[in-house]
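Read the structure below first, then the notes.
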Amino acid sequence: MLIKIVNPNTTHSMTAKIGDCARSVAGPGTVVEAVNPEMGPASIESHYDEALSVPGLLQEIARGEEAGVDGYVIACFGDPGLDAARELASGPVLGIAEAAMHTASFLGRGFSVVTTLGRTRGRAWELAERYGMQRFCLGVHACEIAVLDLERDPDAVKVITEACRVALEEDGSDAIVLGCAGMADLCALISSELEVPVVDGVAAATLTVQSLVTLGLRTGARGEFARPLPKRYTGRLQDFGSQ
């Protein structure tokens, strides 16, 4: 089985970390390929960033189809381009927010999301509603550390852990969802410190895609998620018309 993890930003060091986290949970016989697009933002922290990350993401999905990839993970907590990717892919495609929230809903009465910048909290709430997680998502908290600073700030782990502690106390939640793929390697440490389940969407999505492929399941394609209608695209998007 070949699973392709697409980090929609262009930061290679984050992609490497995401790939390591996915491989650490993948089962025997599952090959994980972690990539990022050649074009797009260095990090995704706004609606503008999300929108401009989607063409590069879809390019990687198209390449995966040519290479015979069995399933995909979109490794950004905003789940950018998820619906469009499902139209292109012959196998299942999961976003990490979608997978993390559903996984956390199995672990107690409710969970709290701890994300990066406060400006992304609205997007997390929006996704909780879209995925039917309103009853389980008890709060969305920001640690106010920019995505790229997760690797550079020496106090990042301490600040994120404290934000998780505050979230648990304020929300009365039973679990934490880490709201950024760049936090994927922090689950065990924070879980040990706070003695609660901590869910990383990269790991959750990887195992869910693996299960769906094993079951022979993919996105239904009779209606909305059928392949896009062929048409001409112009300018910098001219190559996308043949997808």
Side-chain angles (χ1 to χ4, degrees), residues 1-44 49-100 102 181-182 184 200-222 224-231 233 236-243:
M1 186 188 305
L2 175 58
I3 296 176
K4 186 170 186 176
I5 317 287
V6 184
N7 168 21
N9 74 39
T10 59
T11 300
H12 294 285
S13 59
M14 186 173 297
T15 303
K17 177 166 62 175
I18 288 168
D20 289 342
C21 290
R23 293 184 192 98
S24 73
V25 298
T30 296
V31 176
V32 172
E33 177 189 12
V35 302
N36 55 256
E38 300 162 359
M39 59 178 173
S43 61
I44 300 174
D49 293 338
E50 278 199 16
L52 293 181
S53 74
V54 172
L57 162 70
L58 296 179
Q59 197 171 59
E60 289 299 334
I61 299 293
R63 289 171 176 167
E65 290 299 285
E66 293 174 357
V69 169
D70 297 296
Y72 302 85
V73 172
I74 298 176
C76 170
F77 201 77
D79 292 354
L82 178 58
D83 289 340
R86 283 175 171 162
E87 290 180 342
L88 287 185
S90 56
V93 185
L94 262 72
I96 64 169
E98 178 182 38
H102 279 90
D200 152 50
V202 172
T206 299
L207 287 178
T208 304
V209 167
Q210 181 176 270
S211 297
L212 291 171
V213 173
T214 300
L215 291 167
L217 299 174
R218 57 151 294 172
T219 306
R222 291 185 62 187
E224 179 183 348
F225 291 107
R227 288 192 64 82
L229 297 173
K231 64 187 65 174
Y233 286 71
R236 295 184 181 181
L237 297 180
Q238 61 184 350
D239 294 335
F240 285 78
S242 60
Q243 300 298 337

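Quick caveat: nothing in here was measured; it's all calculated off a predicted structure.
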Q) Which atoms form the tightest heavy-atom contact between V32 and A26, and what is the distance? A) CG2-CB, 3.9 Å

(Q) So, taking the atom named CG in N9 and the one named NE2 in H12, what distance separates them when rounded to the nearest 0.5 Å? (A) 9.5 Å

Q) Is Q210 close to V25 at the side-chain level, that is, under 4.5 Å between some pair of heavy atoms? A) no

Q | Steps toward salt bridge (charged side-chain N to carboxylate O under 4.0 Å, His left out) verdict (E33, R63) | A | CA-CA 12 Å; E33 177 189 12; R63 289 171 176 167; over 6 Å; no

Q.
I'd like to check V73 versus V202 (side-chain heavy atoms, cut-off strictly below 4.5 Å). Are they in contact?
A. no

**Q.** A75 versus A181, closest heavy-atom pair with distance
**A.** O-CB, 3.3 Å

Q: Could you tell me which non-hydrogen atom of F240 sits nearest to which non-hydrogen atom of Y233, and how far apart they are?
A: C-CD1, 4.1 Å

Q: With the side chain counted from C-beta on, respond yes when L212 and L94 share a heavy-atom pair under 4.5 Å apart, and no when they do not.
A: yes

Q) Quick one: are Q59 and P37 in side-chain contact, heavy atoms under 4.5 Å? A) no

Q | Heavy-atom pair of closest approach, residues A99 and G201 | A | CB-O, 4.3 Å

Q: Would you give the length of the straight line joining atom CG of L2 to atom OH of Y72, rounded to the nearest 0.5 angstrom?
A: 8.0 Å

Q: Mind checking the OG-CG spacing from S53 to N7? Nearest 0.5 Å is all I need.
A: 9.5 Å

Q) Is there a donor-acceptor contact under 3.5 Å from the side chain of E50 to the main chain of I44? A) no

Q. Any donor-acceptor pair under 3.5 Å linking the side chain of R218 with the backbone of P92?
A. no

**Q.** Min side-chain heavy-atom separation R23-D20 under 4.5 Å
**A.** yes

Q) About how many Å separate OG1 of T10 and CE of M39, when rounded to the nearest 0.5 Å? A) 11.5 Å

**Q.** G182 backbone acceptor or donor facing K17 side chain under 3.5 Å
**A.** yes

Q: Please confirm whether the backbone N or O of E98 pairs with a side-chain atom of D79, one donor and one acceptor, at under 3.5 Å?
A: yes

Q. Do the non-hydrogen side-chain atoms of P8 and I74 ever get within less than 4.5 Å of each other?
A. yes

Q) At what distance, to the nearest 0.5 angstrom, does OG1 of T219 lie from CG of D83? A) 9.5 Å

Q.
Does any part of the side chain of R86, heavy atoms only, come nearer than 4.5 Å to the side chain of L82, both counted from C-beta?
A. yes

(Q) To the closest 0.5 Å, what do you measure between OG1 (T206) and CD1 (I5)? (A) 3.5 Å

